[in-house]
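Contents: one structure, followed by commentary.
Heads up: numbering here begins at 1 and tracks the sequence. All values reported here derive from a predicted model rather than from experimental measurement. When reading the values below, keep in mind they use all heavy atoms of this one structure, side chains included, and skip hydrogens, waters and symmetry mates.
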Amino acid sequence: MNRELAILELADYYERVEYKDAVAYLIINEKMEDYKCMFGFIEFPNDLETARGLFELLEKGAKAKGYKTLVGPVNYCTWMSYRWAINNFDMKLFPDCTNPAYYPEIIRQLGYRELYTYRSAHIDINNPLYAMGRATVEQKEKEGFEFKLFENDDVFALSREVYDISTDAFRGSYLYSEIPYEYFREVYLTWVKGLKIGMFVAYYKGEPVGYVFGYDNPYDHSFISKTSAVKKKYQQHKVYVALLYLGCKYVQDKGYKDMVYHFQCEQKGTFKRFDKSVESMEKRYAVFAKELD
């Protein structure tokens, strides 16, 4: 059984839907701010008619519950794996969406559109944000901020702090729904066990207010910057820039010339691409939606 299925215990409603040799879950989460009716944990063969039969059942179930839009793949909330890769299917990152290339092809034929898109890309460490970062760290330290590095098992000892920062920072984000700390620790954190992790935490007057963490990609010689978050009260104060610099310097000291920025949402207001001389090897992902008649 997929360990992530345990997260469905938190949903307001879910059901397993099967058609021939295809399967998916219809999931309803009333705590979502944007879209509340989703499909997830989905598998179907490279056969349009089988996929059509499965999605017709999902759509029928969604309409019967009173919903006008079906969104997916979303596995309950953004704490868990979701979305499909839509290009560079052979590019191996971690974690990643390992769906077949025909998934997005078929779902488009069934009338679904890209709702939110995401990208991962290799970013040269000597980028504009890194150039301004050192002075930013020094300025923030003068203002009373403190930055600490944690590695490997020491990172897990800070799981509560990471959870608190994340729930504050991501609340209101696309397809976001808060989960209890126990699920975060017992279900979500399992995928990072055994990785060589580095994490910088920003403190202000003893309060943890932000973090950035990454790890060595287990598939090749690259470093993945997975998640960064700053509490809303401290956003727009260049705390993120300081953390980014420290993370980049850490990666550079490990011998890397670039690192992978993983799963950036392209619809997020703060999302920006670097110049082509700075970034390369982009892999993109999408969550799809269909308005139901």
Under 3.5 Å side-chain donor-acceptor pair for Tyr211 and Thr227: no
Tyr261-Glu279 side chain donor-acceptor pair, cut-off 3.5 Å: no
Shortest non-hydrogen contact from [X] to [Y]?
{"X": "Leu54", "Y": "Val17", "value": "CD1-O, 3.7 Å"}
{"X": "Phe89", "Y": "Pro104", "value": "CZ-CG, 4.3 Å"}
{"X": "Pro73", "Y": "Val287", "value": "O-CG2, 4.3 Å"}
{"X": "Pro208", "Y": "Gly206", "value": "CD-O, 3.6 Å"}
{"X": "Phe156", "Y": "Arg185", "value": "O-NH1, 3.5 Å"}
{"X": "Leu26", "Y": "Ala62", "value": "CD2-N, 3.9 Å"}

For [X], I'd like to know if atom [atom1] has over 12 heavy atoms of other residues, nucleotides or ligands within 6.0 Å.
{"X": "Lys232", "atom1": "NZ", "answer": "yes"}
{"X": "Arg134", "atom1": "CZ", "answer": "no"}
{"X": "Asp153", "atom1": "CG", "answer": "no"}
{"X": "Asp90", "atom1": "CG", "answer": "no"}
{"X": "Glu138", "atom1": "CD", "answer": "yes"}
{"X": "Gln236", "atom1": "CD", "answer": "no"}
{"X": "Lys290", "atom1": "NZ", "answer": "yes"}

Given Ile123, Asn217, Ile224, the one that forms side-chain contact (heavy atoms from CB on, under 4.5 Å) with Val260: Ile224
Worked check of side-chain hydrogen bond (donor to acceptor under 3.5 Å, both in side chains) between Gln109 and Glu105: CA-CA 7 Å; Gln109 293 181 67; Glu105 292 177 3; 5.7 Å; no
Classify the angle between the aromatic ring planes of [X] and [Y] as parallel (below 30°), tilted (30 to 60°) or perpendicular (above 60°).
{"X": "Phe288", "Y": "Trp84", "result": "tilted"}
{"X": "Phe184", "Y": "Tyr163", "result": "tilted"}
{"X": "Phe263", "Y": "Tyr285", "result": "perpendicular"}
{"X": "Phe145", "Y": "Phe147", "result": "parallel"}
{"X": "Tyr25", "Y": "Tyr14", "result": "tilted"}
{"X": "Tyr215", "Y": "Phe223", "result": "tilted"}

Any salt bridge linking [X] with [Y]? Criterion: basic side-chain nitrogen under 4.0 Å from a carboxylate oxygen.
{"X": "Glu56", "Y": "Arg52", "answer": "no"}
{"X": "Asp216", "Y": "Lys254", "answer": "yes"}
{"X": "Lys283", "Y": "Asp96", "answer": "yes"}

From CA spacing to verdict: side-chain hydrogen bond (donor to acceptor under 3.5 Å, both in side chains), Tyr130, Gln252: CA-CA 11 Å; Tyr130 179 73; Gln252 191 175 54; 2.8 Å; yes
Answer whether the closest heavy-atom distance between the side chains of [X] and [Y] falls below 4.5 Å.
{"X": "Asn29", "Y": "Lys36", "value": "no"}
{"X": "Cys37", "Y": "Met32", "value": "no"}
{"X": "Leu244", "Y": "Val212", "value": "no"}
{"X": "Lys92", "Y": "Pro218", "value": "no"}
{"X": "Leu115", "Y": "Tyr35", "value": "yes"}
{"X": "Val209", "Y": "Ile165", "value": "no"}
{"X": "Ile125", "Y": "Lys257", "value": "no"}
{"X": "Gln264", "Y": "Arg273", "value": "no"}

To the nearest 0.5 Å, how far apart are [atom1] in [X] and [atom2] in [Y]?
{"X": "Asn46", "Y": "Tyr103", "atom1": "CG", "atom2": "OH", "answer": "10.0 Å"}
{"X": "Tyr234", "Y": "Lys140", "atom1": "OH", "atom2": "NZ", "answer": "10.5 Å"}
{"X": "Phe94", "Y": "Leu195", "atom1": "CZ", "atom2": "CG", "answer": "5.0 Å"}
{"X": "Glu207", "Y": "Lys233", "atom1": "CD", "atom2": "NZ", "answer": "6.5 Å"}
{"X": "Gln267", "Y": "Tyr174", "atom1": "CD", "atom2": "OH", "answer": "6.5 Å"}
{"X": "Thr50", "Y": "Asp21", "atom1": "OG1", "atom2": "CG", "answer": "5.5 Å"}

Intermediate values then yes/no, side-chain contact (heavy atoms from CB on, under 4.5 Å), Tyr176 and Asp34: CA-CA 9 Å; Tyr176 173 79; Asp34 43 2; over 6 Å; no
Would you say [X] and [Y] are hydrophobically clustered, going by side-chain heavy atoms of ILVMFWY under 4.5 Å?
{"X": "Leu158", "Y": "Val230", "answer": "no"}
{"X": "Tyr118", "Y": "Met281", "answer": "yes"}
{"X": "Leu243", "Y": "Tyr245", "answer": "yes"}
{"X": "Ile197", "Y": "Met259", "answer": "no"}
{"X": "Tyr181", "Y": "Val201", "answer": "yes"}

Working for side-chain contact (heavy atoms from CB on, under 4.5 Å), residues Leu48 and Leu110: CA-CA 8 Å; Leu48 179 60; Leu110 297 177; 3.9 Å; yes
Residue pair Asp47, Lys20: steps toward the side-chain contact (heavy atoms from CB on, under 4.5 Å) verdict: CA-CA 11 Å; Asp47 179 77; Lys20 294 184 178 179; 5.9 Å; no
Criterion ring pair (Phe, Tyr, Trp, His ring centres under 6.0 Å) on Phe39 and Phe55, from CA distance to verdict: CA-CA 9 Å; Phe39 67 87; Phe55 276 93; 5.2 Å; yes
Donor-acceptor under 3.5 Å (Asp124 side chain, Asp258 main chain): no
Cation over ring face, Arg83 and Tyr116, 6.0 Å, 45°: no
Criterion side-chain hydrogen bond (donor to acceptor under 3.5 Å, both in side chains) on Glu178 and Thr167, from CA distance to verdict: CA-CA 7 Å; Glu178 189 171 317; Thr167 52; 4.8 Å; no
CA sep, side-chain torsions, deciding dist, call: Thr270, Gln235, side-chain contact (heavy atoms from CB on, under 4.5 Å): CA-CA 11 Å; Thr270 56; Gln235 293 175 5; over 6 Å; no
